[in-house]
Amino acid sequence: MSGAVKRAVLASLRWTSLRLRLVVVFAVVALTAAVSASGIAYWLNREAVLTRTQDSALGDFRQQMQNRAASLPLHPSQSELQITVDQMSQGKAGFTVLLIGERDEGKPIVATSDPDDFTFDDVPRRLREAVNDRQETVAGNSSPYHLYWQRIQLRGKPYLVGGTRIVGGGPTGYVLKSLDQEREDLNTLAWSLGIATALALVGSALLAQAASTTVLKPVRRLGEAARRLGEGKLDTRLRVSGTDELAELARTFNKTAESLEKKVADMSAREESSRRFVADMSHELRTPLTALTAVTEVLEDEIDNLDPMIAPAVNLVVSETRRLGYLVENLMEVTRFDAGTARLVLDDVDVADQVTACIDARAWLDAVDLDAERGQMARLDPRRLDVILANLIGNALKHGGSPVRVSVRPVGGELLIEVRDHGPGIPEDVLPHVFDRFYKASASRPRSEGSGLGLSIAMENAHIHGGDITAANSPDGDGAVFLLRLPLDPSAPKDETAGSAGPTGADTGDLDGPGPDSPSDTESPGRGEEGQR
């Protein structure tokens with residue numbers, strides 16, 4: 001059997017496992033009951049048939065021994081013995097008789113009604129010994145000799161052998177009664193009981209099938225309802241009928257679904273309200289921020305002409321105003337992602353040129369080592385790719401260590417961009433949270449120049465392309481590695497056979513990306529997108 005066929009069979013068994021168990025249990029119970037009843041019936045009938053035949057044959061033989069064998073002389077002749085044997089075997093019992101007498105002292109003579117069917121050698125030795133065993137006559141035993149019998153197999157057929165002696169002297173008699181007819185009757189009974197057992201087994205299987213269908217139908221409905229509930233169809237309800245346990249289970253399911261639907265609706269309403277609040281707040285802040293930015297730019301241009309006592313305050317105002325602007329822009333971008341309104345504007349991009357432009361716009365050329373071949377084309381959103389690169393590279397420059405190396409290579413249907421620094425790496429407890437919003441790796445430094453949203457926004461921009469970003473420490477312990485995976489064409493079917501690429505990346509500490517006083521302040525498509533660790 002092939003592996004596919006085996007899996008199909010096992011899947012089928014799993015799919016009907018409860019039904020199969022019910023059928024098996026019913027079948028085992030029915031089989032046990034039928035076999036037990038048949039065995040008991042067979043044993044009782046067997047004993048009844050054999051006992052009736054045995055009692056009839058032995059009673060007739062005892063009567064013949066009393067009426068005929070007891071009337072023989074103490075030392076009968078061969079002819080007298082033979083005549084008596086023939087007379088005893090002519091009854092309706094249909095048995096064979098063998099008599100043993102003594103012509104003279106110590107000289108036995110034997111007569112049998114059928115020498116070919118029954119001889120003295122056919123009598124079991126233990127039966128002979130029991131028949132010839134003289135017992136002491138006491139109050140509970142008035143006769144020294146008794147009638148004994150034994151069932152034997154002779155020449156492949158069943159027989160009843162019995163024997164006794166004449167009290168006071170006379171021949172010893174043995175009787176042979178065939179039980180072949182009784183065996184045939186018992187075989188017929190066994191076949192009948194076997195057929196009845198098989199019919200009971202089939203009937204139990206059909207009954208189990210019917211019972212399992214009745215029981216499993218509401219269970220299947222419950223499973224289907226649970227599946228729809230898991231798919232987000234929270235208005236799913238079960239029709240309840242009856243008062244049994246399954247009906248109570250359906251009622252419980254309906255109550256649970258109703259409660260879940262209400263809680264999800266409340267959470268969705270609160271989430272939508274929070275999103276709307278953030279969006280409205282960010283939008284409302286843009287107007288005063290525009291005015292503040294214009295004023296701070298004027299102040300920054302005139303800072304050399306200001307009183308030295310006022311200049312630090314002006315620098316602080318300029319820096320914080322710019323940081324507030326970045327934060328508002330990032331909050332608006334996050335709101336667009338949460339609301340599902342962020343859209344890709346795809347274009348055919350030379351990846352090496354795009355990375356170079358991102359680095360050059362922020363004056364990072366001297367601090368970044370780029371390994372990328374020109375001519376590697378990918379269909380991407382240039383602005384969002386610039387946002388991702390600005391955050392990853394700026395994060396590496398700020399919190400890692402120079403030199404920062406950026407390598408670009410296509411693998412299968414994916415574009416892999418690796419950003420590696422040579423800093424202290426990222427603590428293991430920080431790694432799972434580097435892409436969380438507003439996550440601060442160091443509780444002692446809750447405030448940083450960045451907004452704490454940079455890496456989160458970079459991850460969202462990767463996801464909207466159908467890609468991903470991973471972070472890890474370098475295997476050689478020298479710095480952190482961020483690995484960006486993007487499909488070469490987001491609109492094309494994903495290649496499941498695309499190979500995996502090199503080391504995954506990591507980052508460090510309480511890490512926000514390039515701040516307002518860093519080289520990333522240069523005007524560019526990615527301005528305001530910050531890295532975070």
Side-chain angles (χ1 to χ4, degrees), residues 217-289 324-344 384 387 391 429-441 443 446-448 450-469 510 512 528-530 532:
K217 188 175 181 180
V219 173
R220 282 198 300 270
R221 286 201 300 264
L222 179 62
E224 180 65 19
R227 184 186 62 79
R228 291 198 300 270
L229 195 66
E231 293 174 351
K233 300 176 182 177
L234 301 181
D235 58 344
T236 301
R237 298 294 184 272
L238 288 172
R239 181 171 54 85
V240 180
S241 61
T243 58
D244 57 7
E245 289 81 357
L246 291 174
E248 184 62 28
L249 180 61
R251 291 190 187 92
T252 303
F253 175 87
N254 289 341
K255 291 179 182 177
T256 303
E258 183 179 357
S259 175
L260 181 62
E261 182 180 20
K262 184 177 182 301
K263 289 182 179 179
V264 170
D266 292 343
M267 291 176 61
S268 298
R270 286 195 295 269
E271 183 180 0
E272 179 62 27
S273 177
S274 300
R275 259 200 314 265
R276 189 180 302 109
F277 171 76
V278 173
D280 293 344
M281 181 187 67
S282 301
H283 181 75
E284 292 298 327
L285 286 174
R286 295 188 72 177
T287 301
L289 273 175
L324 182 59
Y326 294 154
L327 177 60
V328 170
E329 291 298 326
N330 284 342
L331 286 175
M332 294 189 69
E333 184 72 5
V334 167
T335 302
R336 284 191 287 270
F337 281 119
D338 289 344
T341 58
R343 295 290 182 269
L344 288 176
R384 295 189 183 279
V387 170
N391 279 285
D429 60 329
V430 174
L431 271 175
H433 306 287
V434 293
F435 296 104
D436 293 351
R437 296 176 183 177
F438 300 107
Y439 179 75
K440 303 292 182 180
R447 184 180 182 279
S448 62
S451 65
L453 294 172
L455 288 182
S456 173
I457 292 176
M459 178 66 82
E460 294 288 355
N461 280 297
H463 285 168
I464 200 174
H465 279 90
D468 193 19
I469 306 175
D510 149 44
D512 287 278
E529 306 297 342
E530 301 172 350
Q532 170 197 339

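In this chain, numbering begins with 1 at the start of the sequence shown. For clarity, every value in this text was computed on a predicted model and none was experimentally measured.
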Quiz item: Where is the tightest heavy-atom contact between Thr236 and Ala257, given as atom of each residue plus distance?
Solution: O-CB, 3.8 Å
Practice problem: Can you sort out the partners of Arg227 under side-chain hydrogen bond (donor to acceptor under 3.5 Å, both in side chains), two or more places apart, ordered by chain and number? | Solution: Glu224, Glu231
Quiz item: Residues two or more places apart in sequence or in another chain: which of them pass side chain to side chain contact (heavy atoms under 4.5 Å, CB included) with Thr256?
Solution: Thr252
Practice problem: Would you give the length of the straight line joining atom CZ of Arg239 to atom CG of Asn254, rounded to the nearest 0.5 angstrom? | Solution: 11.5 Å
Self-check item: Glu261: partners by side-chain hydrogen bond (donor to acceptor under 3.5 Å, both in side chains), with sequence neighbours left out
Solution: Arg237
Exercise. Taking the side chain as every heavy atom from C-beta outward, state whether Met459 and Asp468 have any pair of such atoms under 4.5 Å apart.
Key: yes
Quiz item: Between CG of Leu229 and CG of Leu260, what distance do you get to the nearest 0.5 Å?
Solution: 5.5 Å
Practice problem: Test side chain to side chain contact (heavy atoms under 4.5 Å, CB included) on Asp235 and Lys233 and set out the steps. | Solution: CA-CA 6 Å; Asp235 58 344; Lys233 300 176 182 177; 4.0 Å; yes
